[in-house]
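Worksheet for the structure shown next.
For the numbers below, each heavy atom of this structure counts, side chains included, while hydrogens, waters and symmetry mates do not. The first residue of the sequence shown is numbered 1, and numbering continues consecutively from there.
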Amino acid sequence: MAAQRSGAGGVAAGDDDADRARLRQLGYKQELKRGLGVVSNFAFSFSIICVMAGVTTTYNAGLRYGGPASMTLGWLVVAFFNGCVALSMAEICSAYPTSGGLYYWSAKLAGEEWAPLASWITGWCVTWALTTSTDFSLVQLVQVIILLGTGGANGGGYMASKYVVLAVHGSLLVLHGLINSLPIRWLSWFGHLGAFWNTAGAFVLVIMIPVVAKERASVEFIFTHFNTDNGMGIHDKAYILALGLLTSQYSLLGYDASAHMIEETKNADWSGPIGIITSVALSTVFGWIFLVALTSIVTNIPYLLDPGNDAAGYAVAQALYTAFHRRYGSGVGGLVCTGIVAFGIFLAGVACVASNSRMGYAFSRDKAMPFSHVWHRVSRNEVPLNVVWLCVVVAFIMALTSLGSQVAFQAMVSIATLGQYISYVLPIFFRVTTARRSFSPGPFHLGRYSIVIGWAAVLWVALLTVLFSLPVAYPIAKDNFNYTPVAVGGVLLLSVGSWVLHARFWFKGPIVNVDM
């Protein structure tokens with residue numbers, strides 16, 4: 001593995017000219033303002049990953065379908081293979097530092113004949129459902145905080161209707177849109193705040209949770225207990241372990257942000273890869289420690305998952321509330337801890353809109369979106385303003401599915417998770433197959449380990465695709481049916497169908513907009 005870059009820690013005076021020249025070589029002119037350094041680039045990915053948010057919002061699923069051991073041990077399995085995905089992405093990012101990221105990489109690595117189709121499929125797999133699910137999970141957590149703060153589900157606490165929840169979700173999206181309309185130097189500040197909050201918040205909670213709890217789970221329970229008595233009809237421990245991987249995998253999602261922000265980053269072909277790797281590495285360590293600390297106060301799984309408890313079945317909120325109430329006679333401290341997580345999710349939402357909008361900007365620059373000329377426009381502050389608000393509107397429209405059925409909304413979450421990982425692995429697959437001999441690495445590269453690590457990443461995502469499509473309960477019924485294969489398959493079918501019927505006649509892949 002090799003990484004070579006002089007002055008990598010800072011930003012040299014000539015880097016901006018070098019970045020412009022490299023972008024020009026890739027076929028694009030500089031339109032966005034380069035105001036981010038390596039730390040700022042890292043901060044956006046770290047903020048989106050936000051392991052406090054990922055663990056908290058998926059903990060119910062991990063606890064019900066897997067149990068403590070499935071999450072704590074499964075995290076280590078995911079950490080290794082997810083690291084392979086991140087390393088391979090970082091290597092490609094260093095070679096092709098453009099905001100198009102994943103779909104641009106696929107075009108360059110798939111070969112001239114397959115480039116248009118490869119970039120089209122990859123681009124449309126990078127959905128904006130992650131923004132929808134991030135903000136919706138924030139609304140649900142705020143609802144639980146208000147519910148517990150007003151007396152709990154069994155004490156007359158306030159439970160908002162689905163229309164109020166949707167309205168709050170829309171308000172949060174608008175706020176995130178306004179923040180993302182600011183110049184990059186201000187947006188960068190929110191990225192730094194997100195990185196600080198994730199670090200400081202996790203540190204505080206990891207110390208506070210075990211200290212406050214009067215009743216703690218044993219080490220044996222945390223690392224060996226599988227929830228075989230979950231009422232789901234599944235008792236095989238290997239199967240349960242596989243189902244529990246969802247919590248870990250969802251919690252380590254979103255680090256492609258470093259690639260999408262790269263045309264606003266100085267020293268791009270170094271800062272982008274480092275942003276990907278460090279965000280994943282730190283999130284992996286902090287997340288596992290946070291997960292173990294949280295699981296240490298899980299002593300009664302059926303009660304925490306029971307919709308009849310004060311938190312209406314939100315396991316993490318109920319566990320924190322109970323721990324503080326038993327120690328101090330009041331659950332206010334638990335609400336504060338939950339609030340720390342909620343603000344982390346808010347900052348993750350800011351970074352989600354930033355990442356999605358840059359992807360949309362790049363995709364429209366290559367005329368791959370309807371009305372591309374509108375979305376490609378850049379404001380006087382050098383911000384892709386139109387596509388920022390398109391991202392907000394699309395995320396809200398996706399959330400409307402929650403009015404009809406929670407199952408429909410869960411399908412959106414499935415697209416956000418599995419669809420995103422498929423888009424991660426497609427350029428890696430092309431790297432280790434069609435571009436195995438032709439790939440020209442950038443300053444960061446994996447040397448002789450590149451192909452091995454790349455194949456490990458490809459096989460891991462292939463396995464995930466199968467695991468996330470398995471039934472989560474038996475017998476299978478409409479209430480427990482796993483719609484992941486339907487949702488993700490639908491996205492793939494639509495993207496392929498649109499290619500066959502329409503796009504193949506005009507879309508030629510990334511477009512050069514400078515004189516070469």
Side-chain angles (χ1 to χ4, degrees), residues 49-72 74-75 133-149 152-153 157 159 197-198 201-217 221-222 225 227 230 244 246-252 283 286-327 331-346 348 413:
I49 296 174
C50 188
V51 286
M52 288 192 301
V55 170
T56 300
T57 56
T58 60
Y59 198 84
N60 267 48
L63 194 61
R64 172 173 284 111
Y65 301 123
S70 180
M71 292 187 288
T72 54
W75 186 281
S133 61
T134 297
D135 275 12
F136 204 84
S137 64
L138 172 57
V139 177
Q140 291 176 321
L141 190 58
V142 170
Q143 164 65 89
V144 172
I145 293 172
I146 295 173
L147 176 64
L148 289 170
M159 178 68 79
W197 195 266
N198 282 334
F203 182 77
V204 169
L205 293 180
V206 163
I207 293 176
M208 187 177 297
I209 291 171
V211 170
V212 169
K214 278 190 170 183
E215 295 183 16
R216 288 188 290 272
F221 179 84
I222 294 172
H225 181 75
N227 191 21
N230 55 18
L246 175 62
T247 296
S248 307
Q249 200 65 65
Y250 180 81
S251 300
L252 296 171
S283 295
F286 291 170
W288 188 76
I289 295 172
F290 176 67
L291 177 62
V292 171
L294 201 57
T295 307
S296 72
I297 60 172
V298 173
T299 57
N300 189 336
I301 295 176
Y303 172 70
L304 293 179
L305 295 173
D306 185 2
N309 65 30
D310 282 328
Y314 203 117
V316 171
Q318 184 63 59
L320 291 171
Y321 186 84
T322 300
F324 276 87
H325 195 275
R326 286 175 177 171
R327 172 71 67 178
V332 173
L335 300 184
V336 172
C337 290
T338 310
I340 291 174
V341 176
F343 189 63
I345 301 177
F346 174 82
V413 177

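- Shortest non-hydrogen contact noted between N198 and C50 is OD1-SG, 3.1 Å.
- F286 meets the ring-ring contact (aromatic ring centres under 6.0 Å, His included) test with no other residue; sequence neighbours excluded.
- The shortest non-hydrogen separation linking A315 to N60 is N-OD1, 2.9 Å.
- A distance-only check finds no donor-acceptor pair linking the side chain of T295 to the backbone of P68 [under 3.5 Å].
- Under the side chain to side chain contact (heavy atoms under 4.5 Å, CB included) test applied with L320, the options I209, T56, V212 reduce to a single match, I209.
- In this structure, the side chain of S137 engages the main chain of T134 through a donor-acceptor pair within 3.5 Å.
- When atom types are taken as modelled, the side chain of W197 and the backbone of I345 share no donor-acceptor pair closer than 3.5 angstrom.
- The CH2 atom of W75 sits 9.5 Å away from atom CD of Q249, with the distance rounded to the nearest 0.5 Å.
- For the side chain to side chain donor-acceptor pair (under 3.5 Å) test, residues two or more places apart in sequence or in another chain that qualify with T322 are Q318.
- Separating the CZ atom in R216 from the CZ atom in F221 is a distance of 14.5 Å, to the nearest 0.5 Å.
- The shortest side-chain heavy-atom distance between N227 and Y65 does not fall under the 4.5 Å cut-off.
- Heavy atoms only, all atoms of each residue included: T58 and S251 are closest at OG1-OG, 4.1 Å.
- When side chains are defined from C-beta on, D135 does not count as touching V139, because their heavy atoms never get closer than 4.5 Å.
- Applying the side chain to side chain donor-acceptor pair (under 3.5 Å) test to every pair with at least one member in residues 308-317, sequence neighbours left out, gives these pairs: N154-D310.
- Side chains of L304 and V298 form a contact here, defined as non-hydrogen atoms less than 4.5 Å apart.
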Show, in sequence, the C-alpha distance, side-chain angles and deciding distance for L291 and Y59, and conclude whether the side-chain contact (heavy atoms from CB on, under 4.5 Å) test is met. CA-CA 9 Å; L291 177 62; Y59 198 84; 3.7 Å; yes
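- Nearest heavy atoms, M71 versus S248: O-OG, 3.8 Å.
- Rounding to the nearest 0.5 Å gives a distance of 12.0 Å between OG of S296 and CD of E215.
- Rounding to the nearest 0.5 Å gives a distance of 12.5 Å between OG1 of T57 and CZ of F136.
- Expressed to the nearest 0.5 Å, how far CG of L205 lies from CD1 of I289 amounts to 12.5 Å.
- Distance CG/L305 to CG/N300: 9.5 Å, rounded to 0.5 Å.
- For M208 against C337, the heavy-atom pair with the smallest separation is SD-SG, 3.7 Å.
- Minimum heavy-atom separation, L138 to A342: CD1-O, 3.2 Å.
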